[in-house]
Amino acid sequence: MKIKQYIPSTSSIAYSVGVTLDRFIKMKQDDFPYASGELSQLLRDIALASKIVNRETNRAGLANIGGAFGQTNVQGEEQQKLDVIANIRFTRALTKGGEVCAVVSEEDDEVIDLQNGSGKYVVAIDPLDGSSNIDVNISIGTIFSIYRRKTPVGSPITVEDIMQPGNQQVAAGYVLYGSSTMLVYTTGHGVNGFTYEQSLGEFFLSHPEMKAPDDGKIYSINEGSYNQFEEGLKQYISYCKDKNYSARYIGSLVADFHRNLLKGGIYIYPATTKAPSGKLRLLYEANALAYIAEQAGGAASNGHMRILDIDPTSLHERTPLYIGSPKMVAKAEEFLKAHKEATANCN
Ligand SMILES: O=P(O)(O)OC[C@H]1O[C@](O)(COP(=O)(O)O)[C@@H](O)[C@@H]1O
Ligand SMILES: [Mg+2]
Ligand SMILES: [Mg+2]
């Protein structure tokens with residue numbers, strides 16, 4: 001009996017399809033000898049739910065799942081049907097997976113206790129980001145943050161488990177439902193992006209070790225509320241215009257963030273006179289993207305302090321967000337600080 005060693009074929013007739021998300025998670029898990037596989041399973045559960053939500057978003061116009069659901073959420077926003085569908089799909093996947101004890105969701109007023117005595121993890125999630133773009137076929141997303149609970153497994157869930165600053169995240173990521181669907185995540189060891197191959201039902205590694213360019217020429221801000229911006233920010237926007245930077249604003253946080261992460265740029269959702277804490281939510285929007293930004297060499301602040309160091313005080317609290325290329329975030333902070341100091345000196 002002859003035995004020969006396997007030599008991988010390099011022939012283009014059967015090109016390699018690449019590394020699947022499952023295999024990548026397994027490979028990375030092996031990097032941590034004490035890893036128990038629970039976080040890996042949790043990431044797989046999120047990937048599964050995102051495949052289902054991807055299917056729903058793709059056929060939203062056909063299957064009568066576009067449009068309003070007819071209820072408002074705790075933010076006072078009218079829920080879209082896809083907000084509710086995505087919320088059900090992710091919460092169900094996290095419950096069935098068995099790794100999670102509690103979920104904080106944009107679409108639920110209170111913390112959801114999954115009645116899972118063995119769950120080690122807490123997930124904060126924006127099931128559907130960019131809701132205003134659902135019915136107009138513009139990229140939308142999902143954003144998630146993962147924490148290890150602070151209290152012993154099996155004990156009642158406490159504020160301590162939920163109200164953790166972003167620097168306590170063990171993983172974070174987003175799904176972008178765009179011209180292609182991508183899952184981008186970090187477990188604190190760099191950022192990797194996977195593209196969904198619909199026909200095979202698999203995510204494949206397409207953007208290994210993503211790095212945010214140090215600087216950029218794109219600024220993303222909704223200037224519709226310009227008159228309510230603080231003076232320092234107005235000066236930074238003039239600076240961007242003097243520099244002939246490109247203004248790009250999709251109105252879906254995940255999509256704007258993703259573009260700027262790849263090309264270099266800054267996304268700003270500022271404080272305004274009407275909304276002094278801005279619009280975006282700390283626990284399930286800002287923290288996750290801030291962790292990814294920093295893991296890719298970018299930066300994220302509320303204009304004055306690092307997002308990841310903010311101690312949360314309420315479930316749906318909002319924060320101004322300045323995120324993207326580190327030099328651009330630093331420059332924006334500089335303008336805010338300089339104007340604040342100048343005003344203070346005048347008084
Ligand atoms: O319409 P505005 O005020 O520019 O706000 C757009 C921002 O609001 C959001 O839609 C808020 O997120 P949700 O859609 O998850 O509520 C962001 O995705 C987006 O960046
Ligand atoms: Mg959102
Ligand atoms: Mg949302």
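Since the structure is predicted, the reported quantities are computational estimates derived from the model, not experimental observations. Counting starts at 1 for both ligands and their atoms, following the listed order.
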Do [X] and [Y] belong to the same hydrophobic cluster, where Ile, Leu, Val, Met, Phe, Trp and Tyr are linked whenever their side-chain heavy atoms lie under 4.5 Å apart, directly or via other members?
X	Y	answer
Phe257	Phe144	no
Leu261	Tyr219	no
Val175	Ile143	no
Val19	Phe194	yes

Only heavy atoms of [X], strictly under 4.0 Å: list the atoms of ligand 1 that pass.
X	result
Leu128	15 (O)
Ser252	18 (O), 20 (O)
Ser131	14 (O)
Tyr269	2 (P), 3 (O), 4 (O), 5 (O)
Leu253	17 (C), 18 (O), 19 (C), 20 (O)
Asp126	15 (O)

For [atom], closest protein heavy-atom neighbour:
atom	answer
atom 11 (C) of ligand 1	Arg281 NH2, 3.5 Å
atom 19 (C) of ligand 1	Gly251 O, 3.2 Å
atom 20 (O) of ligand 1	Tyr267 OH, 2.9 Å
atom 5 (O) of ligand 1	Lys279 NZ, 3.0 Å
atom 6 (C) of ligand 1	Tyr249 OH, 3.4 Å

Kindly confirm whether the Mg ion (ligand 2) is within less than 2.8 Å of some N/O/S atom in Glu106?
-> no
Tyr185 and Phe24 aromatic ring geometry - parallel, tilted or perpendicular at 30°/60° bounds = perpendicular
How about Glu209: does its CD atom have over 12 heavy atoms from other parts shown lying under 6.0 Å from it?
-> no
Can you establish whether the number of heavy atoms outside Lys337 located under 6.0 Å from its atom NZ is more than 12?
-> no
Measuring to the Mg ion (ligand 3), does Leu128 have an N/O/S atom at a distance below 2.8 Å?
-> yes
Can you find an N/O atom of Val254 closer than 3.5 Å to an N/O atom of ligand 1?
-> no
Among Asp129, Asn222, Leu321, closest by heavy atom to atom 17 (C) of ligand 1 is Asp129
Does the ring of Tyr236 carry Lys331 above it, NZ/CZ under 6.0 angstrom from centre and within 45° of its axis?
-> no
Can you tell me if Thr186 uses its side chain to pair, donor with acceptor, with the backbone of Ile292 under 3.5 Å?
-> no
At the Mg ion (ligand 2), what is the angle formed between atom OE2 of Glu285 and atom OD1 of Asp129, rounded to the nearest 10°?
-> 120°
Answer with yes or no whether Ile250 contacts ligand 1, where contact means a heavy atom under 4.0 Å from a ligand atom.
-> no
Which is the closest N/O/S atom of Asp126 when seen from the Mg ion (ligand 3)?
-> OD1
Check step by step if side chain to side chain donor-acceptor pair (under 3.5 Å) holds for Tyr177 and Thr142.
-> CA-CA 8 Å; Tyr177 312 102; Thr142 292; 2.8 Å; yes
Mode of Gln75 contact toward ligand 1 - side chain, backbone, both, neither (heavy atoms, under 4.0 Å) = neither
Residue of the set Thr313, Val104, Leu315 for which side-chain contact (heavy atoms from CB on, under 4.5 Å) holds with Met163 | Leu315
Run through Asp256, Leu253, Ile323, Ile250 and flag the one making a side-chain contact (heavy atoms from CB on, under 4.5 Å) with Ser220.
-> Asp256
